Amino acid sequence: MSTSQPDTSPRQLSRAEQETETAAERLHLLIDAARAAVGVRTEDGVEELEAVADRLERAARDLAVALRELAEQRQNTIDEE
């Protein structure tokens, strides 16, 4: 009886996978920054919250685009098989 083992060797990430990982990490870091900004109550705090919100929106859009590109890449790979 033969049991197949999953391939556990490290593989090179595709460009789309790398971009998705980078975008996800950036969003994660910005969420941490947003949580920190919530606790700041200074005159500049309102402007900082607005700036953090803008950065979060951009990062979320970037991640969404990266995920869609990755999905398209994977679909193309499936179609080629």
Side-chain angles (χ1 to χ4, degrees):
M1 179 163 88
S2 160
T3 58
S4 63
Q5 297 291 328
D7 183 12
T8 57
S9 61
R11 67 175 183 81
Q12 185 72 25
L13 294 178
S14 70
R15 181 173 176 232
E17 289 169 329
Q18 291 172 358
E19 288 176 1
T20 302
E21 288 283 336
T22 300
E25 181 61 27
R26 180 170 175 253
L27 183 58
H28 180 76
L29 292 172
L30 287 170
I31 289 169
D32 288 343
R35 294 170 96 185
V38 168
V40 175
R41 293 186 182 267
T42 64
E43 289 182 22
D44 295 334
V46 173
E47 292 170 4
E48 178 62 19
L49 288 171
E50 289 288 342
V52 168
D54 290 342
R55 289 191 295 270
L56 276 171
E57 283 178 341
R58 283 191 301 275
R61 279 193 305 269
D62 291 347
L63 178 56
V65 167
L67 285 165
R68 287 187 178 100
E69 288 175 357
L70 179 56
E72 181 178 342
Q73 179 191 64
R74 289 186 178 172
Q75 184 61 53
N76 290 340
T77 301
I78 290 168
D79 291 345
E80 291 172 358
E81 293 178 345

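Model, not experiment: these values are computed from the prediction. Counting begins at 1 with the first residue of the sequence.
You'll find the side chain of Ile31 reaches within 4.5 Å of the side chain of Leu56, heavy atoms only.
Arg58 pairs by the salt bridge (charged side-chain N to carboxylate O under 4.0 Å, His left out) definition with nothing, not counting sequence neighbours. The side-chain contact (heavy atoms from CB on, under 4.5 Å) test applied to Gln75 returns Ile78, Asp79, not counting sequence neighbours. Under the rule for a side chain to side chain donor-acceptor pair (under 3.5 Å), the partners of Arg15 that lie at least two apart in sequence or sit in another chain are Glu19.
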What pairs of donor and acceptor atoms, side-chain ones from residues 59-71 against any protein atom, are under 3.5 angstrom apart with sequence neighbours left out?
residue, atom, partner, partner atom, Å
Asp62, OD2, Arg26, NH1, 3.3

Contacts under 3.5 angstrom, residues 33-43 side chains, donor-acceptor by atom type, not counting sequence neighbours:
residue, atom, partner, partner atom, Å
Thr42, OG1, Asp44, N, 3.3
Thr42, OG1, Gly45, N, 3.1

Intermediate values then yes/no, side chain to side chain contact (heavy atoms under 4.5 Å, CB included), Glu17 and Arg74: CA-CA 10 Å; Glu17 289 169 329; Arg74 289 186 178 172; 2.9 Å; yes

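Annotation for Leu13: hydrophobic cluster partners, listed by chain and number, are none (ILVMFWY side-chain heavy atoms under 4.5 Å, direct or chained).
No more than 12 heavy atoms of other residues, nucleotides or ligands lie within 6.0 Å of CD in Glu50, so this atom counts as exposed by the packing criterion.
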